[in-house]
Amino acid sequence: MPISRRLLLAGGAGLGMAAALPACGSNTGRGAEGSRTRLTQWYHQYGEVGTRQAVGRYAAAYPGADVHVEWRPGNYDQQTAAALLTDSGPDVFETTGPTLDQIRGGQVADVTDLIKNVQDDFLPAVLAPRTHDGRVWGVPQVVDTQLLYYRKSLLAAAGVSPPRTLDELIDAAARLTDRKTRTKGLFLGNDGGAGVLAGTPLYAAGLSLVTPDGKPGFDDPAAARTLGKLHKLYATKSLLLGAPTDWSDPSAFVQGLTAMQWSGLWALPRIRKELGDDFGVLPFPPDGPAGRPAVPVGAYAAAVNTRTRHRDAAKAFVRWLWVERADHQLDFSFSYGFHIPARASLAAKADRLASGPAAEVVRFTKEHGHAQPLLWTPASQVAYQDALHRIIQEGADPAGRLRAAVRRTEAELARVRKKA
């Protein structure tokens, strides 16, 4: 799985306000060949085998224009941010955003009209971060999500029930840690979870990164209480650390190095192949009286560059591919990886999501899914992640560390509101 997707769900991708880089390539596809419009479409470099060939087939099948697909290796978000400031960018591009700066800067086109008849069919958690001032600025393609995998046989042998609260998760991780077999109770990544969990524990406590009225969502004693509990997992040595692969790869789980692992939906087919029915799935468990299960979701979206001379043609292509062509959308979701289609009606038709753990994940995502809010900026992310790292690994005072992160987030939100 590509780094960009890991970062997308861990809260580090799609923040795309990094320093601009020179646009790559001179073949922009902006001209017309004969009587047909020629469009250029950009994708980031996927790790799944066959994805590049698939998007090429989709483009070749489009009857309305000649679509030239460009596969963009390297720092895709920086490349795209730079290209949108020039006349040499793509007509249509894949994005983890768009970002608020790109929307307010007039760099992306309003695509509300493309989904107006099916808007309620898109998962709210992935549509909300692409909605600003009541308008939609990107059409979600597929949904990726994270979840807690647990080994049924190991829990049964230890007399442990699947954890339904954060306290139960901490207790289960300790009881499942076996010195004889060297099996650890839980794997949250080789850093102890600071990188991958991001805002998920806040949502599990009934909080958020940013409130609906644009204030820091973790300026609350409940945030310090919940994040402080994560250090207990680290301090009691219940966590697997130093695994050969990190959280996005299920190797540690299927090899028995850990009884429970936080990973992505993409890992489910391999886990099922190697463990059969000996596993279950859960959302991140709730904490406290206002707590709720938490499921982080992310999605790439198709956006239209406002600098294109063929805006209507570009929007028509996006509608055709990501709204009308259900066959392409299902193929993209399941033939080269394992994802949830962005539209609920397609997810409901998918046989691979109809039963077992996969069906549970779809339900978790619909009922408990959350995504990074549009107002969450890179500076806020850095401040919060630093606090989380120090709380988990160093046992730093949660209240004190969060106060610093809240101040930084308040300044960022004030800056964003001032630019509105």
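Residue numbers run from 1 in the order of the sequence given. What you see below is based on every heavy atom in this structure, not just the backbone, and it leaves out hydrogens, waters and symmetry mates. No experiment lies behind these values; they were computed from the predicted model shown.
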Report yes if some heavy atom in the side chain of [X] is under 4.5 Å from a heavy atom in the side chain of [Y]; otherwise report no.
{"X": "Met260", "Y": "Leu176", "result": "yes"}
{"X": "Phe279", "Y": "Val281", "result": "yes"}
{"X": "Ile115", "Y": "Val139", "result": "yes"}
{"X": "Leu402", "Y": "Leu227", "result": "yes"}
{"X": "Asp144", "Y": "Leu265", "result": "no"}
{"X": "His370", "Y": "Thr200", "result": "yes"}
{"X": "His68", "Y": "Leu39", "result": "no"}
{"X": "Arg319", "Y": "Asp113", "result": "yes"}

Looking at residues at least two apart in the chain, or sitting in another chain, which of them share a salt bridge (charged side-chain N to carboxylate O under 4.0 Å, His left out) with [X]?
{"X": "Asp171", "answer": "Arg175"}
{"X": "Glu367", "answer": "Arg363"}
{"X": "Arg225", "answer": "Asp287"}
{"X": "Asp327", "answer": "Arg325"}

task = Only pairs at least two apart or in different chains count here, so list each ring pair (Phe, Tyr, Trp, His ring centres under 6.0 Å) that has a residue in residues 222-242.
result =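 Those involving residues 222-242 do not exist here.
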Roughly how far apart are [X] [atom1] and [Y] [atom2], rounded to 0.5 Å?
{"X": "Ser263", "Y": "Ile271", "atom1": "OG", "atom2": "CD1", "value": "6.0 Å"}
{"X": "Asp87", "Y": "Arg307", "atom1": "CG", "atom2": "CZ", "value": "5.0 Å"}
{"X": "Glu324", "Y": "Gln329", "atom1": "CD", "atom2": "CD", "value": "9.5 Å"}
{"X": "Phe93", "Y": "Tyr43", "atom1": "CZ", "atom2": "OH", "value": "13.0 Å"}
{"X": "Asn305", "Y": "Arg311", "atom1": "CG", "atom2": "CZ", "value": "8.5 Å"}
{"X": "Leu240", "Y": "Thr183", "atom1": "CG", "atom2": "OG1", "value": "9.5 Å"}

Are [Y] and [X] an aromatic pair, judged by ring center distance below 6.0 Å?
{"X": "Phe187", "Y": "Trp247", "value": "no"}
{"X": "His44", "Y": "Trp71", "value": "no"}
{"X": "Tyr149", "Y": "Trp262", "value": "no"}
{"X": "Trp322", "Y": "Phe332", "value": "yes"}

Looking only at atom types and distance, does a side-chain atom of [X] sit under 3.5 Å from a main-chain N or O of [Y], one as donor and one as acceptor?
{"X": "Arg130", "Y": "Thr96", "value": "yes"}
{"X": "Tyr150", "Y": "Leu282", "value": "no"}
{"X": "Arg343", "Y": "Val323", "value": "yes"}

key: Where at least one partner belongs to residues 161-170, residue pairs that pass side-chain hydrogen bond (donor to acceptor under 3.5 Å, both in side chains), sequence neighbours excluded   =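 Sorted pair list: Asp167-Lys229.
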Minimum heavy-atom distance [X]-[Y], with the two atoms named:
{"X": "Phe334", "Y": "Pro341", "answer": "CZ-CD, 3.8 Å"}
{"X": "Ala294", "Y": "Pro283", "answer": "O-CB, 3.8 Å"}
{"X": "Val416", "Y": "Leu375", "answer": "CG1-CD2, 3.6 Å"}
{"X": "Ala371", "Y": "Pro129", "answer": "CB-CG, 3.7 Å"}
{"X": "Thr145", "Y": "Val297", "answer": "OG1-CG1, 3.7 Å"}
{"X": "Ala194", "Y": "Leu388", "answer": "O-CD2, 3.5 Å"}

Which pairs count as salt bridge (Lys or Arg N to Asp or Glu O under 4.0 Å) when at least one residue sits in [range], sequence neighbours excluded?
{"range": "residues 242-251", "value": "Asp249-Arg270"}
{"range": "residues 182-211", "value": "none"}
{"range": "residues 372-399", "value": "Asp386-Arg390, Arg390-Glu394"}

Pairing residues for Thr258 by the side chain to side chain donor-acceptor pair (under 3.5 Å) criterion, not counting sequence neighbours =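 Per chain and number, Thr258 pairs via side chain to side chain donor-acceptor pair (under 3.5 Å) with no residue.
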ask   = Does the side-chain contact (heavy atoms from CB on, under 4.5 Å) test come out yes or no for His132 and Arg104, once each step is laid out?
value = CA-CA 9 Å; His132 179 63; Arg104 288 178 172 171; 3.8 Å; yes
Got a list of side-chain donor-acceptor pairs under 3.5 Å for residues 203-222, not counting sequence neighbours?
residue: Ser208; atom: OG; partner: Val210; partner atom: O; Å: 3.2
residue: Thr211; atom: OG1; partner: Asp213; partner atom: OD1; Å: 2.3
residue: Thr211; atom: OG1; partner: Lys215; partner atom: N; Å: 2.9
residue: Thr211; atom: OG1; partner: Lys215; partner atom: O; Å: 3.3
residue: Asp220; atom: OD1; partner: Ala222; partner atom: N; Å: 2.8

request  = Verify whether one side chain among Gln141 and Glu94 offers a donor that lies under 3.5 Å from an acceptor in the other.
outcome  =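 Yes, Glu94 and Gln141 have a side-chain donor paired with an acceptor closer than 3.5 Å.
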ask   = Residues in side chain to side chain contact (heavy atoms under 4.5 Å, CB included) with Pro286, at least two apart?
value =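 Pro286 satisfies side chain to side chain contact (heavy atoms under 4.5 Å, CB included) with Pro293 only.
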request  = Name the orientation class of the two ring planes belonging to His368 and Phe364 (parallel below 30°, tilted from 30 to 60°, perpendicular beyond 60°).
outcome  =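 It falls in the tilted class, 30° to 60°.
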ask   = Any ion pair linking Asp278 and Lys152 (charged N to carboxylate O, less than 4.0 Å)?
value =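 A salt bridge is absent here (no side-chain N lies under 4.0 Å from a carboxylate O).
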key: Lys/Arg N to Asp/Glu carboxylate O, Glu412 vs Arg415, below 4.0 Å   =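 Yes, this pair counts.
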query = Would Phe284 and Leu148 count as a side-chain contact (heavy atoms from CB on, under 4.5 Å) if you check the C-alpha gap in whole Å, the side-chain angles of each, and the deciding distance to 0.1 Å?
reply = CA-CA 6 Å; Phe284 193 88; Leu148 180 67; over 6 Å; no
ask   = What do the steps show when you test Tyr336 against Asp331 for side-chain contact (heavy atoms from CB on, under 4.5 Å), and what is the final call?
value = CA-CA 8 Å; Tyr336 320 100; Asp331 180 64; 2.8 Å; yes
request  = Could you go through the side-chain contact (heavy atoms from CB on, under 4.5 Å) check for Leu321 and Tyr62 one step at a time?
outcome  = CA-CA 8 Å; Leu321 180 56; Tyr62 181 56; over 6 Å; no
